[in-house]
Protein chains: 2
Amino acid sequence: MPETARQPRGEPHDGPFLGDFVCFSIYSASLAFNRVYKPLLAEMGLTYPQYLVMVVLWEGDDRTVGGIGEVLSLDSSTLTPLLKRLEGMGHLTRARDSHDERVVRVRLTPAGRNLRLKARVVPGCILEATGMSMDELRRLQGEIDALRRNLEAANG
Amino acid sequence: MPETARQPRGEPHDGPFLGDFVCFSIYSASLAFNRVYKPLLAEMGLTYPQYLVMVVLWEGDDRTVGGIGEVLSLDSSTLTPLLKRLEGMGHLTRARDSHDERVVRVRLTPAGRNLRLKARVVPGCILEATGMSMDELRRLQGEIDALRRNLEAANG
DNA sequence: TACGAATAAATCGCGCGCAATCCAATCGCA
DNA sequence: TGCGATTGGATTGCGCGCGATTTATTCGTA
């Protein structure tokens, strides 16, 4: 699918070209990562987005829905049902803040905190699957983050 | 969210670490790309996956469902309804192959071919939004593709 | 103090992605 | 020739992502 392009920046052209394919590469890599994570996380009964929320909470408990959404760039229409599922599994509680009833505070249960132990093997497996060194990954991550920031800036 | 890790390869550790976050970066960049594409593609009435299928068909018409799926790493349970929507929009036709009735051949209509003209401005807009040079993007794409290949290999 | 604006979360509808399953057509081999 | 195995798609069920709307609460200000 990759095909080198020769057009100058911003001008129309006949076919698809590089700008598209960086996106396709990322899209496709994202799906590929998901397929690697799925069997690992299935042992904990988690999906990847659910795992991300748990990681965020392990890093810092007692957050609001919006606070979690800020870290993950997801909004309440995605998070509310996801959090309800995690609540249903007994990993966290959702409760309105008594000082501001608009806010829902999300807190880990002991079971949710405990799940972190089971999750300890995950990053090593993922690292293994990438087939890359930590240094390579660190550098690559930096570049992708820079790209994401540019995209977010361009989007307003 | 990024936080540097110090653990040696493959060993358990207390918190999430780099291997996870490369994935998060890609996941998040993928969503960010989608948000940039959405308004552009909305003018053509396409979603990003639909656009990808159209790009594949513009590159080479008259493909099977499986053939498209091979290029995009998607299977029939994703593609069948997507292709039906594109068919409903009048961009393509779906017909069983007369020599092998198991196979469905997907072909562009004149309208579908014509849509390519409207799509010509898209890559330039995307390139602009990335805020990167073509050379940078080309290199980055190569690294991400290598990562994806590793993941697919690790996954069997 | 009352009332409109702003804010936080929830709800709804739709389109992916994918595992699991099903079905029909074709192939392979005795 | 027949029959089990394989293959290509379709279907179903579920969990995201997100735009659009709704509801409840709080804030700002006259």
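Here is the naming used below: chain letters follow the sequence lines, and residue numbers restart at 1 for every chain.
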To the nearest Å, how far apart are Lys84(A) NZ and dG15(D) P? 13 Å

From the list dA10(D), dA9(C), dG15(C), which nucleotide is the closest neighbour of the side chain of Thr80(B)? dA10(D)

With nearest nucleotide decided by heavy atoms, which residue, Gly67(A) or Asn34(A), maps closer to the 5′ end of DNA chain C? Gly67(A)

Between Tyr27(B) and Ser98(A), who's closer to the 5' end of DNA chain D by nearest nucleotide? Tyr27(B)

Nearest-Å distance for atom pair CG/C1', residues Leu79(A) and dA8(C): 12 Å

I'd like to know if Asp97(B) and Arg102(B) make a salt bridge, using a cut-off of under 4.0 Å between side-chain N and carboxylate O. no

Check whether the side chain of Ser76(A) and the base of dA10(C) form a donor-acceptor pair under 3.5 Å. yes

Is Thr47(B) touching bases, backbone alone, or none of the nucleic acid, heavy atoms closer than 4.0 Å? sugar-phosphate

Toward the 5' end of DNA chain D, by each residue's nearest nucleotide, Tyr48(A) or Asp97(A): Tyr48(A)

Do Asn150(A) and Thr130(B) meet the criterion of a side-chain donor-acceptor pair at a distance under 3.5 Å? no

Answer yes if the side chains of Ser77(A) and Asp75(A) hold a donor-acceptor pair under 3.5 Å, and no otherwise. yes

What about Ser77(B): does its side chain form a donor-acceptor pair under 3.5 Å with the base of dG9(D)? no

Would you indicate what Ser73(A) reaches in the nucleic acid, counting non-hydrogen atoms under 4.0 angstrom: base, sugar-phosphate, or nothing? sugar-phosphate

Given dT7(C), dC16(C), dC18(C), which nucleotide is nearest the side-chain atoms of Lys38(A)? dC18(C)

Taking only N and O in the side chain of Arg96(A), is any of them less than 4.0 Å away from OP1 or OP2 of dA9(C)? no

Electrostatic pair Asp61(A)-Arg107(A), nearest N-O below 4.0 angstrom: no

Figure out the CG/C1' separation between Leu86(B) and dC16(C), and round it to whole Å. 12 Å

Whole angstrom value for the distance that separates P of dA19(C) from CG of Leu41(A): 14 Å

Please determine if Arg96(A) and Glu101(A) form a salt bridge, counting it only when a charged side-chain N lies under 4.0 Å from a carboxylate O. no

Where the side chain of Arg102(B) is concerned, which of dC18(C), dT7(D), dG17(D) is the nearest nucleotide? dT7(D)

Which residue lies toward the 5' end of DNA chain C, Leu74(B) or Asp75(A), if each is placed at its nearest nucleotide? Asp75(A)

Select base, sugar-phosphate, or nothing to describe what Arg105(B) touches, counting heavy atoms under 4.0 Å on all strands. nothing

Can you tell me the distance, in whole Å, between the CZ atom of Arg35(B) and the C1' atom of dC18(D)? 9 Å

Tell me what Leu82(A) touches on the nucleic acid: a base, only sugar-phosphate, or nothing, going by heavy atoms under 4.0 Å. sugar-phosphate

